[in-house]
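The structure appears below as C-alpha cells.
This chain uses plain numbering: 1 for the first residue, then up along the sequence. Values below: all heavy atoms of this structure, side chains included; hydrogens, waters and symmetry mates excluded. Everything numeric here is computed off the predicted structure, so don't read it as measured data.
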Amino acid sequence: MKLEKEHDPRLNAAWIDQYLDNRTPLEKITRETESFFAAIKKDFAVSKHAQRKMNFTERLWSFLAEEFSLDDENGFETRVSGQQFYPAWKDRLDGEYRKLESTIQRRVNVRDYGAVGDGETDCTDAFKKAFGKGAVEVKVPAGVYMVDGLKLPSWTRLIGAGKGRTVIKLQAKAPRKARLLTNSNYLSGNRNISVEGLTLDWHVERLGDVENTSAGGNHSSCLTFARVTYGWVKDVEALNPGLHCFDITAPLYNYSGDGLRGKGGSQFVWLDGVSGSGFGDDGLTTHHSDYIFVSNSHFSDPSGRAHEKGFSNSNGFEVDDGSRHVWLANNSSARCFGGIEIKAHANSSAASGVHISGHLSVHDNRSFNFRHIGHHKKDDPESKSAFNIFAQRLVAIEPIETSLYEGSAPRCLVVSGYRNVAINRFLFVGDPNYDYKRQPAAAIQYRAGCVSLTNGVIRDFTTAGADVSIAGGEQSARNVRVENLVSIGSAEQAVAVGKGSELVYLEGVRKRSSHLL
C-alpha cells in the first residue's frame with residue numbers, strides 16, 4: 001500500500017476498519033480500551049531522583065512558565081456516536097461556532113478590496129482591509145493570492161473555494177521567519193477564528209538552497225494559532241513550510257524544564273480534514289496547549305530541512321512539549337520519521353492525556369513513537385510528566401529506514417519513559433522481504449511503565465529479532481501486560497522479555513504460520 005500526498009483522509013476510518021477486519025461497534029471498542037487503561041493506570045510519586053537544579057537558561061524561561069499538572073480540571077470524557085469518536089468538549093466548541101456565525105457583521109469578498117488571484121499581485125493590504133477588526137466572514141474565490149503574511153483578528157471566518165482552488169501563498173520577498181497565516185494578538189490572545197477550504201503555500205522555494213528553512217521558535221509555519229481560544233481549521237492543505245504545516249501553541253515555546261509549561265497556550269481547537277507535505281519539521285504539532293482535536297487528516301513526505309541533514313525528527317503528527325488533553329481520530333501519515341510522536345524535549349514537560357482512535361501509518365520510520373527525551377537512561381532524571389496515553393485501532397504498514405534520520409531502526413511502536421499507556425486493537429504489518437536486522441517490530445523500553453498491549457496482530461516481520469521487545473537491564477520496562485497477541489509468519493520470538501524487566505504479564509500470545517491463513 002502507498003498513500004500519496006493527495007490521499008483523501010476522509011477514507012481513513014473505512015481503511016482502518018478494513019485492515020483490522022473490524023465489525024465491533026466503536027462504542028464497545030472504546031469502553032474496552034478504557035477498561036484496559038483503568039486496569040493498568042497507576043499514580044506515580046515523583047522520586048527524589050527526578051529532582052534537579054535548574055540551569056541558568058531554564059531559570060530565565062521559568063519567568064514565562066506555569067506549573068504543569070496532569071489533571072483535567074474539567075474532567076472531559078470521550079464520547080462515541082455511531083462511528084464518530086470525539087471529546088465531550090466538542091459540544092462547547094460547536095456552540096462557539098454558532099456564536100461566531102451569529103456575531104459576524106460583515107460578509108465580504110476579498111476581491112472587493114483589490115485582491116487579485118493571479119499569482120503575482122501582492123494582496124496583503126486587500127486582506128487586511130477585508131479583515132478589519134473582525135466580526136467578519138471573508139470569502140476568497142479560486143486563484144493564487146500572494147501575501148507577506150496574514151493576521152486574523154478575533155471573530156473571523158476565512159473561507160476559500162476548496163483545497164487547490166484557493167491558494168494563499170507567501171511572495172518571494174517574504175522573510176524566512178514569516179508565518180503565512182496566524183492570529184493577530186499573541187499578548188492578549190484571540191478567540192473564535194475559523195479557516196476553511198483553501199491551500200496555504202509557504203513557498204519554500206523562494207529561499208533557494210538554504211541549509212535550514214526555519215528561523216527558530218514558532219516562526220516559519222503555514223498556520224500558527226498562538227493563544228487562540230476556540231479555533232477551527234477545516235479542509236485546509238498546507239505545503240512546503242520552513243517549519244510546521246499547522247502549529248497550535250502558546251505564544252512562545254518554553255524550555256524551563258520538566259514540571260513547568262509555557263503560559264498562554266491555545267485551547268479548544270479542532271482541525272478536521274487538514275493535510276500537508278514538504279514540511280521542514282512536523283505536519284501538525286501542538287505546544288503547551290489544551291483540548292485539541294484532530295480528525296480525518298493526512299501528512300506525508302516531509303523535507304526535514306528544519307534540521308541538520310540526517311537528523312530530522314519530522315513527524316506527521318506531533319503532540320509536543322507541555323500539551324495536554326489531545327484527541328486524534330482517523331488520521332494517516334506516510335514516509336515521515338514518526339507517524340504519531342507523543343513527546344517532549346529534555347528541558348520541557350512531556351505531552352500527556354492523549355487519546356487516539358484510528359491511525360493509518362504507511363512507510364513511516366517509527367509509526368507510533370512515545371518518548372520523553374533526556375528522561376530514559378539510568379542517570380537521567382525521571383520524567384514528572386510523561387503519563388497517560390490511550391490508543392486504539394492503530395495500523396502500521398511496513399515501517400522503513402529513512403534518510404530523514406539515518407540509523408534509526410524501523411519500528412511500528414516505541415514506548416520510552418511513558419507510564420500509563422493502553423494500546424488496544426492494533427495491526428502491525430512488516431515486509432517479509434525487508435531486512436529488519438534482528439531489531440524488534442515494537443519496543444517497550446527505557447523506564448516505560450504500566451503499559452498494556454491487547455488484541456493485536458503482528459505479521460511478516462520475518463527478519464526482526466522479536467515482534468515485541470520488553471527491555472531489561474538498567475533502563476528496564478516495568479509492569480507490562482501483553483494479552484491476546486497473534487504473531488503470523490513473523491519473528492522467531494513473539495515477545496522477548498529482557499533480563500531485569502519487572503512485572504511482565506503475558507497471556508494468550510500465539511504464533512501462527514502464514515501458510516495456515
Side-chain angles (χ1 to χ4, degrees), residues 1 11-41 77-87 294-296 317 326-333 339-340 342 354-362 364 367-370 388-399 411-415 418 420-430 441-444 450-461 467-468 480-488 490 494-495 505-512 517:
M1 182 183 189
L11 302 174
N12 287 339
W15 274 107
I16 291 165
D17 282 342
Q18 181 174 328
Y19 269 109
L20 293 173
D21 192 21
N22 176 56
R23 297 173 180 82
T24 305
L26 183 59
E27 174 79 29
K28 182 176 181 180
I29 293 173
T30 302
R31 303 315 163 202
E32 177 185 73
T33 309
E34 288 178 343
S35 70
F36 290 131
F37 181 79
I40 59 94
K41 184 177 184 295
E77 299 177 343
T78 294
R79 291 185 178 171
V80 177
S81 176
Q83 291 304 107
Q84 302 299 315
F85 172 101
Y86 59 94
V294 185
S295 56
N296 308 305
F317 298 78
V326 177
W327 278 257
L328 301 141
N330 298 325
N331 301 303
S332 59
S333 54
I340 296 179
I342 303 172
V354 180
H355 309 252
I356 306 169
S357 182
H359 189 92
L360 176 59
S361 165
V362 179
D364 294 318
S367 307
F368 306 102
N369 197 20
F370 310 151
N388 302 342
I389 298 174
F390 166 112
Q392 62 186 25
R393 302 173 59 247
L394 305 185
V395 178
I397 306 295
E398 298 177 353
R411 301 258 168 90
C412 293
L413 170 70
V414 177
V415 182
Y418 264 89
N420 301 342
V421 179
I423 299 172
N424 181 38
R425 305 265 183 159
F426 60 91
L427 172 65
F428 297 161
V429 180
I444 314 302
C450 296
V451 179
S452 172
L453 298 178
T454 54
N455 299 321
V457 174
I458 303 181
R459 57 179 303 165
D460 298 332
F461 282 91
D467 289 329
V468 178
V480 179
R481 301 174 67 90
V482 181
E483 301 179 63
N484 194 20
L485 173 69
V486 182
S487 170
I488 303 176
S490 202
V495 181
Y505 176 84
L506 308 179
E507 182 177 334
V509 177
R510 306 183 297 279
K511 288 182 63 64
R512 294 180 185 173
L517 296 179

Between [atom1] of [X] and [atom2] of [Y], what distance do you get to the nearest 0.5 Å?
| X | Y | atom1 | atom2 | value |
| --- | --- | --- | --- | --- |
| Arg481 | Leu453 | CZ | CG | 11.5 Å |
| Leu328 | Ser295 | CG | OG | 9.5 Å |
| Arg425 | Leu20 | CZ | CG | 8.5 Å |
| His355 | Glu34 | NE2 | CD | 9.0 Å |
| Ile40 | Ser452 | CD1 | OG | 6.0 Å |
| Ser357 | Phe390 | OG | CZ | 7.0 Å |

* Asked: Where does the angle between the aromatic ring planes of Phe317 and His359 fall among parallel (under 30°), tilted (30 to 60°) and perpendicular (over 60°)?
  ->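 Phe317 vs His359 ring planes: perpendicular.
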
So, for [X] and [Y], which heavy atoms are closest and what is the spacing to 0.1 Å?
| X | Y | value |
| --- | --- | --- |
| Asp460 | Gly430 | CB-O, 3.2 Å |
| Asn12 | Ser332 | ND2-OG, 3.1 Å |
| Ile356 | Phe370 | CD1-CZ, 4.4 Å |
| Gly339 | Asp364 | CA-OD2, 3.3 Å |
| Gln392 | Leu26 | NE2-CD1, 3.8 Å |
| Thr78 | Phe85 | CG2-CE1, 3.3 Å |

* To do: Look at the side chain of Ser490 and the backbone N and O of Phe461, then say whether any donor-acceptor pair between them is shorter than 3.5 Å.
  =>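 Checked: pair present.
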
* Got a donor-acceptor contact below 3.5 angstrom from the Asn331 side chain to the Val294 backbone? ->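 Yes, because the side chain of Asn331 sits within donor-acceptor range (under 3.5 Å) of the backbone of Val294.
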
Within-4.5 Å side-chain heavy-atom neighbours: [X] and [Y]:
| X | Y | value |
| --- | --- | --- |
| Phe428 | Pro399 | no |
| Asn388 | Phe37 | yes |
| Phe368 | Val415 | no |

* **Worked verdict on Val486 versus Arg459 for side chain to side chain contact (heavy atoms under 4.5 Å, CB included)** => CA-CA 8 Å; Val486 182; Arg459 57 179 303 165; over 6 Å; no

* Starting from the C-alpha separation in whole Å, work towards a yes-or-no answer on side chain to side chain contact (heavy atoms under 4.5 Å, CB included) for Ile397 and Tyr19. => CA-CA 10 Å; Ile397 306 295; Tyr19 269 109; 3.8 Å; yes

* Apply side chain to side chain contact (heavy atoms under 4.5 Å, CB included) to the pair Leu413 and Ile444, showing each step before the final yes or no. => CA-CA 8 Å; Leu413 170 70; Ile444 314 302; 4.2 Å; yes

* To do: Using a strict cut-off of less than 4.0 Å between a Lys/Arg side-chain nitrogen and an Asp/Glu carboxylate oxygen, indicate whether Arg31 and Glu27 qualify as a salt bridge.
  => yes

* Audit row: Arg79, Thr30, side chain to side chain contact (heavy atoms under 4.5 Å, CB included) steps and yes/no -> CA-CA 9 Å; Arg79 291 185 178 171; Thr30 302; over 6 Å; no

* Decide side chain to side chain donor-acceptor pair (under 3.5 Å) for Asn484 and Thr454; before the verdict, give the C-alpha distance in whole Å, the side-chain angles of both, and the deciding distance to 0.1 Å. => CA-CA 6 Å; Asn484 194 20; Thr454 54; over 6 Å; no

* To do: Please test Asn22 against Asp17 for side chain to side chain donor-acceptor pair (under 3.5 Å), starting from the C-alpha separation and ending with a verdict.
  => CA-CA 5 Å; Asn22 176 56; Asp17 282 342; 3.3 Å; yes

